[in-house]
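Accompanying notes for the structure given below.
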Amino acid sequence: MLQLKDTLEIKDFIDIIFNHHPLSIDPSVSARVEQSYQFLKEFSKNKVIYGVNTGFGPMAQYKIAEKDTVSLQYNLIRSHASGVGTPIDPMSVRALMLARLNTLSLGKSGVHPSVIDALTALLNHQITPLIFQHGGVGASGDLVQLAHLALVLIGEGEVFYKGVRRATASVFKELQIQPIQPHIREGLALMNGTSAMTGIGIVNTIHAQRLLDWSVAASAVINEIVQAYDDHLSAPLNGSKLHVGQQAIAQKMRTHLSDSALTRDRATHLYKETEGQSHFKEKVQEYYSLRCVPQILGPVHDTIAQVTKILIEEVNSANDNPIIDIATQQVYHGGNFHGDYVALEMDKLKLVITKLSMLAERQLNYLLNAKLNDILPPFINLGTLGLNFGMQGVQFTAVSTTAENQTLSNPMYIHSIPNNNDNQDIVSMGTNAAILTQKVIENAYEVLAIEWMAIVQALAYLDFGDQLAKATQRMLVDMQKIVPVFTEDQVTYPYVQKVKEYLQNNEAYPND
């Protein structure tokens, strides 16, 4: 069981969101949340505090009577539960709940401790609030998405429980979960933050890292397929460029290929007497999609690391408004809810993942084009040429999906539209950025799945056996359980989906 105490790391999200480990709250967390709540309760009695005894946004100029302050919180939640479109996937919703729980647990929001208990109960019971993709502009927090979370916490709205969409009230009754009762500012505190974009973003980074490793693995295997020279992966060459990611990718590929009998030493094959030769049948250097993998995937590696750093900083920050500070006995009004940090990182992430999908598509094309590789039949057609089609049909899907990624990679960070009577005059669109990035990552998995299907066909044709690296042999055994050798034409879309799911749910290098 994971105990929420100080800060969360990526590993904690993997444990709770991916592996469904239960969560408990350290007593010190409960104590500081209670202290923050009691301070705000006393402090706000004779002062104007935004969202406690005022309206919201442009309506903040209106003082709210004490008898109406609880109704104010209910009104805020209900009026802003206005999302539409496709529901956010359960994994991302659980991540945003954990992100919001962690922020409120810092003791800088003044919420009643029952909010912490209720969020923990939802996570531990695997209850997923119905939250829609469309609605958030990512500046006064993810107001619309988080309003749907708050709606569930007050016992209203809808949830997914055991895969079924149901009324929250019926699920709470079945599990004997008590809805929260707003006290001071629970509605605003739940809604006024960056937890939706951050939660989705953290799931994106986890999937992006897994995707990167599968791309590295595919690149290594293709080097074996073409029996490439190995010096483009060498430590001296890649060490002469000072980028961490490039060196890390080259090292990972060297490790993968360390026991391969197929990659070749340039000194043995080309650094020898060549007098009298004016033309070399063998390529002196491979195409960029094989030779420049460390230089292409290195920036992807470094970007994922940077995105992860920023998102972990965000999830461990107080990102609502106002901020309650026990140490100074003050309440500070500002804009910690603004999501520009996350929006920018999501745009960076989708750019590099699109480049990864472009690399995968070019490597796929290399395998399918017999005039380029000069070792495989056209489209790796293992049937009868002309009668059968091999991987010809599924290549169209890879090209189409890659093209969609290129369009989706236009940035959201600079697409601010003023709204809220111009109170929110410049916004981040961070949740949109995170959701579009999620789509780009999913698309990239589809392209990579098709590439791996082609690799299975190529290795079946070449029949290298034990000459392959041990890592390749392990991967091939798993892939062959999913993808048959296509000696006859078959409907391919079920295999694309199965390989995609395998890549999403398994590590390329599980011992890393």
Side-chain angles (χ1 to χ4, degrees), residues 214-215 217-228 260-263 281-283 286-290 293 356-406 442-469 472-504 506:
W214 280 115
S215 182
S219 301
V221 176
I222 294 174
N223 271 265
E224 291 190 276
I225 288 172
V226 304
Q227 299 183 53
S260 173
L262 294 167
T263 55
K281 182 180 179 182
E282 295 181 352
K283 284 185 67 65
E286 304 298 340
Y287 286 96
Y288 285 10
S289 60
L290 278 69
V293 172
L356 182 153
S357 67
M358 292 165 61
L359 174 66
E361 186 277 326
R362 287 292 83 197
Q363 291 175 339
L364 171 67
N365 182 72
Y366 181 87
L367 293 177
L368 299 185
N369 191 331
K371 294 178 181 178
L372 289 182
N373 64 62
D374 202 29
I375 56 174
L376 297 168
F379 303 107
I380 325 180
N381 186 347
L382 306 184
T384 302
L385 296 181
L387 176 64
N388 300 114
F389 295 93
M391 295 285 292
Q392 180 175 333
V394 78
Q395 183 184 19
F396 296 122
T397 303
V399 171
S400 169
T401 307
T402 302
E404 181 175 273
N405 270 4
Q406 291 171 322
E442 183 178 359
N443 285 352
Y445 269 110
E446 292 174 2
V447 178
L448 210 62
I450 294 168
E451 181 182 15
W452 272 100
M453 288 170 62
I455 288 171
V456 170
Q457 308 309 308
L459 292 177
Y461 177 80
L462 295 169
D463 193 22
F464 287 134
D466 289 342
Q467 292 180 282
L468 291 166
T472 302
Q473 293 181 47
R474 170 180 58 80
M475 293 172 184
L476 183 60
V477 167
D478 289 342
M479 292 294 178
Q480 286 175 329
K481 294 175 183 176
I482 308 170
V483 182
V485 176
F486 298 136
T487 55
E488 298 289 343
D489 290 323
Q490 298 187 43
V491 176
T492 53
Y493 74 85
Y495 299 113
V496 177
Q497 184 62 32
K498 288 177 182 177
V499 176
K500 173 187 171 184
E501 291 172 357
Y502 177 81
L503 298 179
Q504 288 174 320
N506 292 275

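Residues: numbered from 1 along the sequence shown. None of these values were measured; they are calculated from a predicted model. All heavy atoms count here, side chains included; hydrogens, waters and symmetry mates do not.
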So which atom in A460 and which in V485 form the shortest heavy-atom distance, rounded to 0.1 Å?
CB-CG2, 3.6 Å
Beyond-backbone contact of W214 with M475, side-chain heavy atoms, under 4.5 angstrom
yes
Can you pull out every side-chain hydrogen bond (donor to acceptor under 3.5 Å, both in side chains) where at least one residue sits in residues 385-397? Sequence neighbours excluded, please.
N365-Q395, N388-D489
Please report the interatomic distance CZ(F389) to CG(N381), rounded to the nearest 0.5 Å.
8.5 Å
Under the 3.5 angstrom rule, does the side chain of E361 hit a backbone N or O of A398 as a donor-acceptor pair?
no
Pairwise side-chain contact, Y495 with Q490, heavy-atom cut-off 4.5 Å (strictly under)
yes
Taking the side chain as every heavy atom from C-beta outward, state whether L367 and M391 have any pair of such atoms under 4.5 Å apart.
no
Report yes if some heavy atom in the side chain of I455 is under 4.5 Å from a heavy atom in the side chain of M479; otherwise report no.
no
So do R362 and M358 actually touch side chain to side chain, heavy atoms under 4.5 Å?
no
Taking side chain to side chain donor-acceptor pair (under 3.5 Å) as the definition, give me every residue that meets it alongside Q473, ordered by chain and number, with sequence neighbours left out.
none
With Q363 as partner, the option from S289, S219, S215 fulfilling side chain to side chain donor-acceptor pair (under 3.5 Å) is S219
When rounded to the nearest 0.5 angstrom, what is the spacing between CD in E488 and CG in L382?
11.0 Å
